[in-house]
Amino acid sequence: MGTKGFLIYLLSAFLLAIFSLTFLSNPKHPSFSYTHILTHSVTIWPKLRFNWRTILMTVIGFMGSACGTVGGVGGGGIFVPMLNLIVGFDTKSAAALSKCMIMGASASSVWYNLRVAHPSKNVPIIDYDLALLFQPMLMLGITIGVALSVVFPYWFITVLIIILFIGTSSRSFYRGMEMWKHETLVKKEIQRRENLANLDRQAVLDAEYEALLPRVERSGLEIMRFNLRWKRLLVLMAVWTCFVLLQIFKNDTTLCSPLYWVFNTLQIPVGLCVFLYGAMKLHREEKRRKMSGNTEAVCEATIEWSSLHLLFCALCGIVGGTVGGLLGSGGGFVLGPLLLEIGVTPQVASATATFVMMFSSSLSVVEFYFLKRFPIPFALYLTTVSVVAGFWGQFLVRKLVMLLKRASLIVFILSAVIFASALTMGVVGIEKSIRMLHEHEYMGFLSFCDE
C-alpha cells in the first residue's frame, strides 16, 4: 500500500464516521431506555494506595510512556484500558488521566529533544513549519472528537479505532522494513569501502588525516538555543492560549445554548488562520526556491507543497485530532505515521510529533481540570511517572539508534505501540459491547446536546 493508498484509507474511515452520523443517528429508538446510558456515566475514582494494582499501573504506564513518546504516538490507547481495567476508573476519568500522562511524557521528551542535534543537517530537530501546519488542525480535530464521543456509541468507536490502528500499524511496520533494508545496504557499502581502504595504504593515510581535522562540538545549551525558534514558538503558544480560553468560556455556558455554539465555532477561524499562515509560508518558499533553481526541500518533508497536498495534510490533522478526542490520546496515532509517509526522518518525526502533542494534550488537561474530570493525587503521580519515562525512553532509544545506526527502530516502536493499542482497545471495546447487548442497553447514536 503506497502513500496515496494509506491516506485514502485514513480518510475513508473518517468519512465512514460522518456517513454513519448523518444517516444512522436514531437516539429516540423505542426499544431502549436512556436510564441505561446514565448507569455508565457514573464517576468512579479509586483512592491512590500502594498495592499490586498501583505497581502494575506504574510498570505499564512507564513502559507505555517511554515507547509512546519515542514513537511519537503518546500511548493513550494503552493508558485508557489500563486505568479502566486494572485501576478501576470510569472511561471518562481514564481518558482525562491519559491526557495527563501524555502531557508529562511529551513535555519531558521535548526537553530532551531540544538538547539533541539534527542527525544529518544543520537545522533544528523539531520541524516548526510542520508543527505550525498540523497543530491548529489537530486541536480542531480534538474539539470535533470530544463532541463525537457523545454522539457515537461505544461499539462504533471501537470499530473505527480497530480499522484505523490496524491500518496505521501495518503501514508503519512496512515502512520500518523498507528503512531496515536500506540501512542494511548502507552499512554493507560502508564496510566494503572500509575494507578497500585497508588494502590501500594511501587511502588509510588520507582517512587518518581527515580524522585529525577539527570538528565543531556544541554543548547541550548551545544546541538548545539553536533548536529553539522563539517567533514560531510564540505563535504556537498564542494559538494554544486562544483555544484554552475558548474552551474555558464554552464550559461555563449552558450546553447547546447560543453562546455555547459561538465559543465552539470561534475555534474554527483561529485554527484556519494559523494553518493558512503555515501553508502559505511553505508554498511561497517552495515557489521561490524553484524559481532560483534550488531543489532543496523547504522543510523535512519531501513532498511537493501543492494545494492538494496541503489540503490532505489539513484533513489528516483533523482526523488525527478527532481520533485523539474520541480515544483520549494526543492525536499522535495518525500524526506520527503521517510524518513518516511524507518523508520526515524518524528522529525528526518523533521530536515534531511529541512537540505538537505537548500542546494538544495540555489543552485537554487544562479543560479537564476545570471540569474536575480527574483526581489530583492520581494525576500528579501518573504525570511524574510519565515525565521520568519520557526522558529515559528518549535517552535509551536514541543511544541504541546511534550504536546500531538504525533509525528504523523508532518506526518499529511506533508500529508496536499502535498495534498494542488496537489490541487493548479492541478487546475492551468488544467486551463492553457484548455486556451492553446482554443488559439490553441503548447502543444507537445520540445527539450533540445529550449530557
Side-chain angles (χ1 to χ4, degrees), residues 40-48 57 61 64-65 68 74-84 87-108 135 138-152 154 157 237 239-255 260 263-264 267 271 320-333 354 356-387 390 425 448 450-451:
H40 286 274
S41 62
V42 178
T43 301
I44 303 174
W45 288 1
K47 291 184 178 180
L48 181 60
M57 173 192 70
S65 295
I78 297 174
F79 301 149
V80 175
M82 173 195 74
L83 292 167
N84 191 238
V87 187
F89 280 98
D90 62 283
T91 304
K92 288 185 178 181
S93 300
L97 286 170
S98 170
K99 292 284 191 178
C100 296
M101 298 180 71
I102 295 170
M103 180 190 70
S106 299
S108 64
Q135 186 227 29
L138 204 67
M139 289 187 173
L140 278 179
I142 288 175
T143 302
I144 296 172
V146 171
L148 292 180
S149 66
V150 177
V151 177
F152 289 168
Y154 199 83
I157 295 175
M237 285 295 297
V239 177
W240 181 87
T241 304
C242 288
F243 271 88
V244 167
L245 292 176
L246 288 173
Q247 290 291 340
I248 293 173
F249 293 150
K250 183 193 74 175
N251 292 330
D252 285 337
T253 61
T254 305
L255 184 66
Y260 173 90
F263 288 129
N264 241 346
Q267 299 176 69
T322 302
V323 173
L326 287 171
L327 179 62
S329 67
F333 287 102
T354 51
V356 173
M357 278 195 301
M358 181 181 67
F359 287 98
S360 60
S361 58
S362 59
L363 170 68
S364 300
V365 169
V366 172
E367 181 181 3
F368 288 146
Y369 172 78
F370 283 103
L371 292 174
K372 298 180 180 180
R373 286 280 185 86
F374 53 78
I376 300 300
F378 256 104
L380 292 176
Y381 177 75
L382 291 172
T383 302
T384 303
V385 170
S386 299
V387 166
M425 293 296 293
F448 285 105
D450 284 318
E451 290 284 355

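The shown structure was predicted, so the numbers you read here are calculated from the model rather than taken from an experiment. Just the heavy atoms: all of them, side chains too, but no hydrogens, waters or symmetry mates, feed the values below.
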Would you please name every residue forming a side chain to side chain donor-acceptor pair (under 3.5 Å) with Tyr381, sequence neighbours left out?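 In terms of side chain to side chain donor-acceptor pair (under 3.5 Å), with neighbours along the sequence ignored, Tyr381 is linked to Thr58.
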If we only count heavy atoms from C-beta on, is the [X] to [Y] side-chain gap below 4.5 Å?
X	Y	value
Thr322	Ile142	no
Gln247	Thr143	yes
Thr354	Met357	yes

Reported [atom1]-to-[atom2] distance for the pair [X] and [Y], which is rounded to 0.5 angstrom:
X	Y	atom1	atom2	answer
Leu97	Ser386	CG	OG	10.0 Å
Ile248	Thr253	CD1	OG1	12.5 Å
Ser108	Met103	OG	CE	10.5 Å
Phe79	Ile102	CZ	CD1	6.5 Å
Ser98	Met82	OG	CE	8.0 Å
Leu363	Leu246	CG	CG	10.0 Å

Passing option when Phe249 is tested against Phe263, Phe370, Phe243 for ring pair (Phe, Tyr, Trp, His ring centres under 6.0 Å):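 Option passing the ring pair (Phe, Tyr, Trp, His ring centres under 6.0 Å) with Phe249: Phe263.
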Can you name the nearest heavy-atom pair linking [X] to [Y], along with the distance?
X	Y	result
Ser93	Arg373	OG-O, 3.4 Å
Gln135	Val356	CA-CG1, 4.0 Å
Met101	Leu382	CG-CB, 3.7 Å

Check: Phe378 ring centre within less than 6.0 Å of Phe89 ring centre: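 Centroid separation for Phe378 and Phe89: below 6.0 Å.
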Give the C-alpha distance, both sets of side-chain angles, the deciding distance and a yes or no for side chain to side chain contact (heavy atoms under 4.5 Å, CB included) between Val385 and Met57. CA-CA 10 Å; Val385 170; Met57 173 192 70; over 6 Å; no
Over 60° means perpendicular and under 30° means parallel, so classify the ring planes of Phe374 and Tyr369, tilted if in between.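 Taking Phe374 first and then Tyr369, their aromatic rings sit tilted (interplane angle of 30° to 60°).
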Tell me whether [X] contacts the main-chain N or O of [Y] through its side chain, where contact means a donor paired with an acceptor under 3.5 Å.
X	Y	result
Asn84	Val80	no
Trp240	Phe359	yes
Thr383	Leu380	no
Ser65	Gly61	yes

Count the heavy atoms of every other residue, nucleotide or ligand shown that sit under 6.0 Å from OH of Tyr260, and state whether that count exceeds 12.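 Correct, the count exceeds 12.
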Please lay out, stage by stage, how Glu367 and Lys99 fare under the test side chain to side chain contact (heavy atoms under 4.5 Å, CB included). CA-CA 11 Å; Glu367 181 181 3; Lys99 292 284 191 178; over 6 Å; no
Ring pair (Phe, Tyr, Trp, His ring centres under 6.0 Å) partners of Phe368, counting only residues at least two apart: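 Phe368: no ring pair (Phe, Tyr, Trp, His ring centres under 6.0 Å) contacts found.
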